[in-house]
**Student:** 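Take this structure, written in structure tokens, and hold onto it; I'll ask about it next.
Basis for what follows: all heavy atoms, side chains included, without hydrogens, waters or symmetry-related copies.
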Amino acid sequence: MPLSWNEIRDRATAFAHEWADESYERGEAQTFWNEFFRVFGVDRRRVGTFEKHVKKLDDRGANRHGFIDCFWPGTLIAEHKSLGKDLDSAYLQALDYFATLKDRDLPRYVVVSDFATIRLYDLDDNTHAEFALRDLPKQIKRFGFIAGYKPQILRAEDPVNVKAAERMGRLHDALKASGYADHPLEMLLVRLLFCLFAEDTGIFQPAQAFRQWLEDWTIEDGSDLGSKLAHAFQILNTPHHQRLTSLDEQLAAFPYVNGRLFEEPLPIAAFDSSMRDALLDACALDWSQISPAVFGAMFQSIMDGEARRSLGAHYTSEQNIEKLIKPLFLDDLRAEFERVKHNRNKLFGFHKKLRTLTFLDPACGCGNFLVVTYRALRELELDVLRAASSGSGQLSLDVHSFINIDVDQFFGIEIEEFPARIAEVALWLTDHQMNVKVGEEFGLYFARIPLRATPHIHHANALRMDWEDVIPRQRLSYILGNPPFGGKHYQSKTQRADQSAVTTSIKSGSDLDFVACWFIKAADFTEDSDTTFAFVSTNSISQGEQVPLLWGYLLGCRGLHIHFAHRTFKWSNEARGQAAVHCVIIGLGRNEPKSRLLFDYDGPTAEPQVAAVASISPYLTAGPEDFVSKRQTPIQAAPTMRCGSKPTDGGHLLLDADEKAALLAEAPAAAPYIRQLVGSREFLNGGERFCLWLVGASPKALRSMPAVLERVEKVRAFRQASSAKPTRAAADRAAEFFYVNQPESAYILIPEVSSQRRAYIPLGWMSPDIVSTNKNYLIAEPSKYLFGLLQSAMHMAWLGAVSGRLKSDFQYSATMVYNNFPRPDAVSNAKHHAVEQAADTVLAARAEFPDSTLADLYDPLTMPPALLKAHRALDKAVDAAYGRRKLTGNADRVAFLFAEYARLTRTPHASG
């Protein structure tokens, strides 16, 4: 265990006094450095060597021999000169040695001295400091790395995290190729992870003790490394009083770790020289700077070749985790601390309260949510200790007795064993990082070694087990996490079975995204308790048809309320190959807070803007907890909306421009039967596509066109080969589309999918001779008034609230959006006509740009001012038709429309 800073500073004072008058390098330099290391409680012989022989390159590139005054591989080079000699040349002399050192031996620090002056270079930070020997006690913390103190500067997206995972990956690959695999390999890597971290954070003494032991006690060819590691792991699991007295000094110095980490005997791995080098290369990194919150997930990804190619894509950034934990509990705790920090009795009670809090992540993976939560709680406790010690030195005397929060307040469930074990170690490592931080604050090194408390990480299937077996519900404070997503069509057979077991009380529960299972389990588990919970989720559970399925159960059956929510944003990180998913965060509980927090984003990558609202709807909008369900007919009298015609033809009835020309060259009589075909892509982005539209064609006409009949025959064969009974049945009418819905008059077209970037989804006023596919929705009764309503901001607001999404794009639905859309009642002729005129103006504004696609016209960056002006006039006319003249934006429109919906349905939770 490192010396306290007070002890180190006292020793530094004595050292500076003793060496104040020395001047001759040759006679005393080695003694100077031996005693310098003793200032920090370190025996120089255990970490470094004097007069290390190395080769160095001269100005012509030729090898010359040199001797490093003091060399600590991977950490420090010291060059010493007699009093008054040039320290710049001493520094350059030290740098000359770098060219022939192994990469893993390159030091971070160079220190040069002439007895009276000391200069320390930090090559990683590109800084240096120079001071007189007499000032060493004031500057002593610059040398904290010698004692094992290192500043804890953790950056979630720091490249060192990726580099560390990659180096462990090389070792993993080599061991696996040798036949050492599965559980033994996973546990070996987890243990090595702990050792690497321990030697850079003061758990192992001196710093780099594990690396030094590997260098000194294992053969370069690696042949004995496996057995030596097994012996070292046994020592780490043995209390000091039970160890053999004849143990080597280096091995005996390793602490007793406990915590079951080194308990299980593992098969002995067979290493070779390259594998030994890979481990030593991993030792060369500064593991004190590794963030356990993200490294664990990266570490897990090295076990998977596919994941390795996008290393870093699978961890959750700490910034995103904070978006969940702050509104769930941390902001409230911080606010409470600010209220009580000046009252010692209340502060003491608050500190005791922190110890009672418990946290469960039922899909914890490598523990990143638990780790960030634990660190946040420990940082809050550190603020409590600062407040408690203000004006008093009491805590500095025995700070460890005042630290209450520990890893045994954290619970997790993980379906895979390897990440479950990483989660345990990650929490221990974070605990130690925070203990070091406390030590830096109060001047006393503090470590919880041997491990006394253990995080409760269960290797199990959270959807199949009773969470009461992990923690009694009455003891649980918060549930949190980032469970796995998976749409209905992307789930494995096992996931579908798990989901079926969880959703037995929900009609059509199999249609839900897989992530909904954790919301349901948490809702069931927290019944009759005050536990609140929050999960990251795919945004699909707050959109479209999933809303009535899930939220009817959560709000209606389980009596939950949404306490806070982050609307759709891009869940990503800064690593290369990063994963980016459009997510939401939703926090729920049974109590009804006076206000709820709604975090909104101008775009998926924007920063959130928070608003306090009275209530939050399942669509994550400000407003009542109402939702809409599928409705087969419009909520008010209105024309029917259906999807367009569906070919299901194997492509044989469809033609591009070249195929059309070729067919007409062979069968000119086919011209009347070829029509323009428009799917949502062609409608929005342009491009020509055609189809054979043979509805009503006489047998004689068909037989007169052999090239057309050949295509019809291919359609028949395609449908007959289908596994779907309706498709096989449609083989009897192979000349027609599988589903036919083509209006005989002008019709309104709405594309099924449209970019969320557009302020308006472009609607079409279409000619009946243009065939629309099933990728569009059609209204066959043309009405410019209805076109105007649906093209307005009012309809866009409704669409944005209740539609589904394809990624982040709007996905239209007749049963969810159109049929539930409240329309104006009792509209006067004047207002009706105003909407019609405004709709015509929109169409006319489009017509001014015949060479532009609708995608061009409705791109926010290229939308013509005349078209935007026409749309705003239409919005004004539609708002007036609703009797609403002072709506300030979409939020107002959504609130108004839901009030109208509730009035029309007369029930809080509508069903259709």
**Student:** Are more than 12 heavy atoms, taken from residues, nucleotides or ligands other than Lys831, located less than 6.0 Å from that residue's NZ atom?
**Tutor:** yes

**Student:** State whether the side chain of Gln546 and the backbone N or O of Leu512 hold a donor-acceptor pair below 3.5 Å, judged by distance alone.
**Tutor:** no

**Student:** Between Trp765 and Pro782 (side chain of the first, backbone of the second, donor and acceptor by atom type, cut-off under 3.5 Å), is there such a pair?
**Tutor:** no

**Student:** For Ser617, does its backbone N or O pair with a side-chain atom of Thr621 as donor and acceptor, under 3.5 Å?
**Tutor:**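 Checked: no pair found.
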
**Student:** Any chance the side chains of Asp600 and His566 put a donor and an acceptor closer than 3.5 Å?
**Tutor:**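 His566 and Asp600 do not have a side-chain donor-acceptor pair below 3.5 Å.
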
**Student:** Is the number of heavy atoms from other residues, nucleotides or ligands under 6.0 Å of Arg872 CZ greater than 12?
**Tutor:** no

**Student:** Keeping Asp856 on the side-chain end and Thr853 on the backbone end, is there a donor-acceptor pair under 3.5 Å?
**Tutor:**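 Flag set: sc Asp856 to bb Thr853 pair under 3.5 Å.
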
**Student:** Between Asp530 and Arg473, is there a salt bridge with N-O shorter than 4.0 Å?
**Tutor:**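 Salt bridge between Arg473 and Asp530, a charged N being under 4.0 Å from a carboxylate O: no.
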
**Student:** Is a side-chain donor or acceptor of Arg567 paired with a backbone partner of Val584 at a separation under 3.5 angstrom?
**Tutor:** no

**Student:** Counting distance only, does the side-chain N/O of Asn741 pair as donor-acceptor with the main-chain N or O of Cys643 below 3.5 Å?
**Tutor:**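 The answer is yes, because a donor-acceptor pair under 3.5 Å joins these two groups.
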
**Student:** State whether Asp859 and Arg758 are salt-bridged, where the test is any N-O pair (Lys NZ or Arg NE/NH1/NH2 against Asp/Glu carboxylate O) under 4.0 Å.
**Tutor:**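 The answer is no: the pair does not qualify as a salt bridge.
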
**Student:** So does Thr526 get a backbone contact from the side chain of Arg590, meaning a donor-acceptor N/O pair under 3.5 Å?
**Tutor:** yes

**Student:** Any donor-acceptor pair under 3.5 Å linking the side-chain atoms of Arg642 with those of Tyr739?
**Tutor:** no

**Student:** Checking Gln499 side chain against Asp511 main chain: does a donor-acceptor pair fall under 3.5 Å?
**Tutor:** no

**Student:** Tell me if the aromatic rings of His795 and Tyr812 count as close, with their centers under 6.0 Å from one another.
**Tutor:**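 So the answer is yes for these two rings.
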
